Amino acid sequence: MLRLHDTALGAVTEIVPREPGRLSIYVCGPTVYDVPHIGHGRQVLVYDILRRYLEWLGAEVVHVSNVTDIDDQIIRRAQEVGRPPDEVARHYEEVYWDALDRLGVLRPTVVPHATEYVADMVELIGELVARGVAYESSDGVYLSVEKVDGYGQLSHQPLQSLRAGARVEVDEAKRSPVDFALWKQAKPGEPAWPSPWGPGRPGWHTECVVMSLDLLGEDFDLHTGGLDLVFPHHENERAQAMALGRRFARHWMHHGFVEVAGEKMSKSLGNFTTLVDLLDRTDARAYRLLMLRSHYRSPIEVTPATIADAQSGLERLDALARRFELRVSPSGSAAPDPEAIERFTEAMDNDLDTPAAVAVIFELLRRANAAADAGESEHARRLAATVAELAGSLGLEVGQVGDDVDDESAALVERRDAARRARDFAAADALRDELTARGWVVEDGPQGTSIRR
RNA sequence: GGCGGCGUGGCCGAGUGGUUUAGGCAAGGGCCUGCAAAGCCCUCUACCCGGGUUCGAUUCCCGGCGCCGCCUCCA
């Protein structure tokens, strides 16, 4: 049974789904005003790994992830580049999905957009106003945080401590500095939708409430996002649902940050690498393995050194796949090792302890090679198949398609084999150098020379 | 100031009140190989500091030091 760290609870707890065998998950998606950085890459990998693992266990996963396509940042960016906001949003959303496809991340089951839900949001805000929890002000509508019992319980920030927080800006329009905007009246030139409070746009915290409840229903299983969304975003979502007396997420899960030199990577610090840049120079699987090797709640350093480290590990997996001619295939092709499967699921069930799960995979890898060296081919095959099965359950595909060998290189391989048969090692070494110069890695096996990139 | 987290071997990174060890990368030695590569075997073996609890603490408690995150832009 899967156990996860629940942010509201502050502890690891058993995840009991609303409906047995069916997990409803809402993942806070991107605001599409800029290119995604590798921190976003970590986010989507964390939830891709969770989803794939659940599906591998046999659960049905309904994975909803929103796109915020109207927001202050998008408007600002649109003004900077002199384009309409919707065009800016469409552009960056396209960049986002392209990057995710390259990362090998599954698309969500449903992708709602904020702009598709404005009418529903207006309705929800209206209910909050009718209940006296929200109020209209000079520039929009705000939620009166004091009126929500239990505000601060998700982030463990008592209201008093928030009031004391010196960073809260005093805003004339708000009755209390901790109140937050549900509806923002449009300034001239800004995109606007009709509402009882004048033309404008919804505040950020409302869309996820409306969309998650609409697509997953009350009491859905899991709401997730980055640690920085705990407060205020998720706290404020929760406040709206509670103010309406609607059951919201059963569990909350938050992941840690990608760091650079010990500091959080973020747009505001400007210390980010874009996901596209990373993918241009790194095997996407190496990035996934790098993420898998640390726990999802821990900070992680992404540097050329840590990526190279993961790449080396990945190469061992690929070498195993070559040795056993493994192909990524649906489970069942070879009977996996039950004891290893058990240790693997034990690790994963323990709050997604992927480092321990990866350790199981690498131990199997070593044992598979050792068994093959000892001539125990059946046993070795079984272990190797388990490696492919378990790695695959985390979205780590080993044994991908072979390299296309051009005719000239193939001819060089043949000449090298001939030279080696003739024990003309000087010629064989020269041919190897030639192949190396063409970018091939040359390996001699029992069946002769083989090359790969 | 409030709340939360972290400090493990050359590096990354799990975990545990003691007895057998995470795992990966790197390094060194060996086996294999015509030489390599790949693979296997071996070695390097640690828990920030001080106090407490305990027969015994890296693991629990208290204090300290250092680092990080959130406190309404943020994955």
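A note on names: the letters A, B, ... follow the listed sequences, proteins ahead of strands, and every chain is numbered from 1. In this text, all values refer to a predicted model and were calculated from it rather than measured experimentally.
Among the atoms of the strands shown, base atoms are found under 4.0 Å from some heavy atom of A/Arg416. A/Val258 comes within 4.0 angstrom of a nucleotide base, judged by non-hydrogen atoms across all strands. Among the atoms of the strands shown, none is found under 4.0 Å from any heavy atom of A/Val230. Note on A/Leu229: only backbone sugar-phosphate atoms sit closer than 4.0 angstrom, heavy atoms only; bases stay farther off. Within the nucleic acid shown, A/Asp429 comes within 4.0 Å of at least one base atom, counting heavy atoms only. Across all strands shown, A/Lys267 has no heavy atoms under 4.0 Å from either base or sugar-phosphate atoms. Residue A/Gln157 is in base contact, counting any heavy-atom pair closer than 4.0 Å across all strands shown. Note on A/Gly256: a base of the nucleic acid sits closer than 4.0 angstrom, heavy atoms only. Across all strands, A/Gly39 comes closer than 4.0 Å to base atoms (heavy-atom distances). Counting any heavy atom pair closer than 4.0 Å across all strands shown, A/His255 reaches a base atom.
Across the P atoms, B/rA38 and B/rA27 are found 11 Å apart, a figure rounded to whole Å. Taking atom P in both B/rG52 and B/rG2, one finds a spacing of 28 Å when rounded to whole Å. Nucleotides B/rG5 and B/rG15 have their P atoms positioned 15 Å apart, rounded to a whole Å. Spacing between B/rC47 and B/rU53 at atom P, rounded to whole Å, works out to 23 Å. With P as the reference atom, B/rA22 and B/rC3 are 37 Å apart, rounded to whole Å. For the C1' atoms, the distance linking B/rC41 with B/rG4 amounts to 46 Å, nearest Å.
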With 3.5 Å as the limit, what N/O pairs link the protein to nucleotides 39-49 of chain B?
residue	atom	partner	partner atom	Å
B/rG39	O3'	A/Asn369	ND2	3.1
B/rG39	O2'	A/Arg323	NH1	3.2
B/rG39	O2'	A/Asp373	OD1	3.4
B/rG39	O2'	A/Asp373	OD2	2.8
B/rC40	OP1	A/Arg316	NH2	3.4
B/rC40	O4'	A/Asp373	OD2	2.9
B/rC41	OP1	A/Arg366	NH1	2.8

What's touching nucleotides 6-13 of chain B from the protein side, N or O pairs under 3.5 Å?
none

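Remark: B/rC47 base-pairs with no nucleotide; criterion is Watson-Crick or G-U wobble with both hydrogen-bond distances under 3.5 Å. When both pairing distances are held under 3.5 Å, B/rC11 makes a Watson-Crick or G-U pair with B/rG24. Pair assignment for B/rU33 gives none, since no Watson-Crick or G-U wobble pairing has each distance under 3.5 Å. Across all strands shown, B/rC6 pairs with B/rG66; the Watson-Crick or G-U wobble distances both stay below 3.5 Å. B/rG1 is paired with B/rC71 under the criterion used here, namely a Watson-Crick or G-U wobble arrangement in which both key atom distances are under 3.5 Å. For B/rU59, there is no paired base (Watson-Crick or G-U wobble, both distances below 3.5 Å).
Closest of all the heavy-atom pairs between A/Phe180 and A/His205 is CD1-CD2, 3.6 Å.
Rounded to whole Å, the distance from CZ on A/Phe257 to C1' on B/rC67 is 15 Å. Going from atom CZ of A/Arg423 over to atom C1' of B/rU33 covers 11 Å, rounded to whole Å. The distance between atom CG of A/Leu364 and atom P of B/rG24, rounded to the nearest whole Å, is 11 Å. For the pair A/Lys264 NZ and B/rG5 P, the computed distance is 18 Å after rounding to whole Å. Atom CD of A/Glu235 and atom C1' of B/rG4 are 14 Å apart (whole Å). Rounded to a whole Å, the OH atom of A/Tyr151 is 13 Å from the C1' atom of B/rC70. A/Ile361 has its CD1 atom 16 Å from the P atom of B/rA14, to the nearest Å. The separation between A/Arg297 atom CZ and B/rC68 atom P is 21 Å, rounded to whole Å.
The residue from A/Asp309, A/Thr354, A/Thr306 that alone fulfils the side-chain hydrogen bond (donor to acceptor under 3.5 Å, both in side chains) condition with A/Arg293 is A/Asp309. Exactly one residue among A/Asp139, A/Asp71, A/Asp72 makes a salt bridge (charged side-chain N to carboxylate O under 4.0 Å, His left out) with A/Lys184. That residue is A/Asp72.
Under the 3.5 Å distance criterion, with hydrogens and angles disregarded, a donor-acceptor pair is assigned to the side chains of A/Glu389 and A/Trp56. There is a side-chain donor-acceptor pair under 3.5 Å between A/Asn66 and A/Glu207. A/Thr31 and A/Gln73 share no donor-acceptor pair across their side chains, judged by distance under 3.5 Å alone.
Look at A/Phe362 and the base of B/rG23; the rings do not stack under the cut-offs of 5.5 Å between centres and 30° between planes.
Side chain of A/Tyr47 to backbone of A/Gly225: a donor-acceptor contact under 3.5 angstrom is found.
Residue A/His251 holds its NE2 atom at 7.0 Å from CG of A/Asp221, rounded to the nearest 0.5 Å.
A donor N or O paired with an acceptor N or O is not found under 3.5 Å between the base of B/rC73 and the side-chain atoms of A/Asp72. Between the side chain of A/Arg432 and the base of B/rA36, a donor-acceptor pair under 3.5 Å is found.
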Given A/Arg201 and A/Ile75, is the side chain to side chain contact (heavy atoms under 4.5 Å, CB included) satisfied, shown in steps? CA-CA 11 Å; A/Arg201 63 182 181 278; A/Ile75 293 170; 3.5 Å; yes
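Within the structure, every side-chain polar atom (N or O) of A/His156 is placed at least 4.0 Å from both OP1 and OP2 of B/rC3. One finds no side-chain N or O of A/Lys174 lying less than 4.0 angstrom from the OP1 or OP2 phosphate oxygen of B/rU72.
For A/Phe248 and A/His223, the ring centers are positioned less than 6.0 Å apart. The six-membered or imidazole ring of A/His5 lies away from that of A/Tyr296, with a centre-to-centre distance of 6.0 Å or more.
For A/Ala428, taking side-chain heavy atoms from C-beta onward, the closest of the listed nucleotides B/rG23, B/rG34, B/rG69 is B/rG34. Of all nucleotides listed (B/rU72, B/rA75, B/rG34), B/rU72 comes nearest to the side chain of A/Phe180.
Place A/Asp179 and A/Met265 on RNA chain B by their nearest nucleotides, and A/Asp179 ends up nearer the 5' end. Mapping A/Phe425 and A/Ala310 onto RNA chain B by nearest heavy atom places A/Ala310 closer to the 5' end of the strand.
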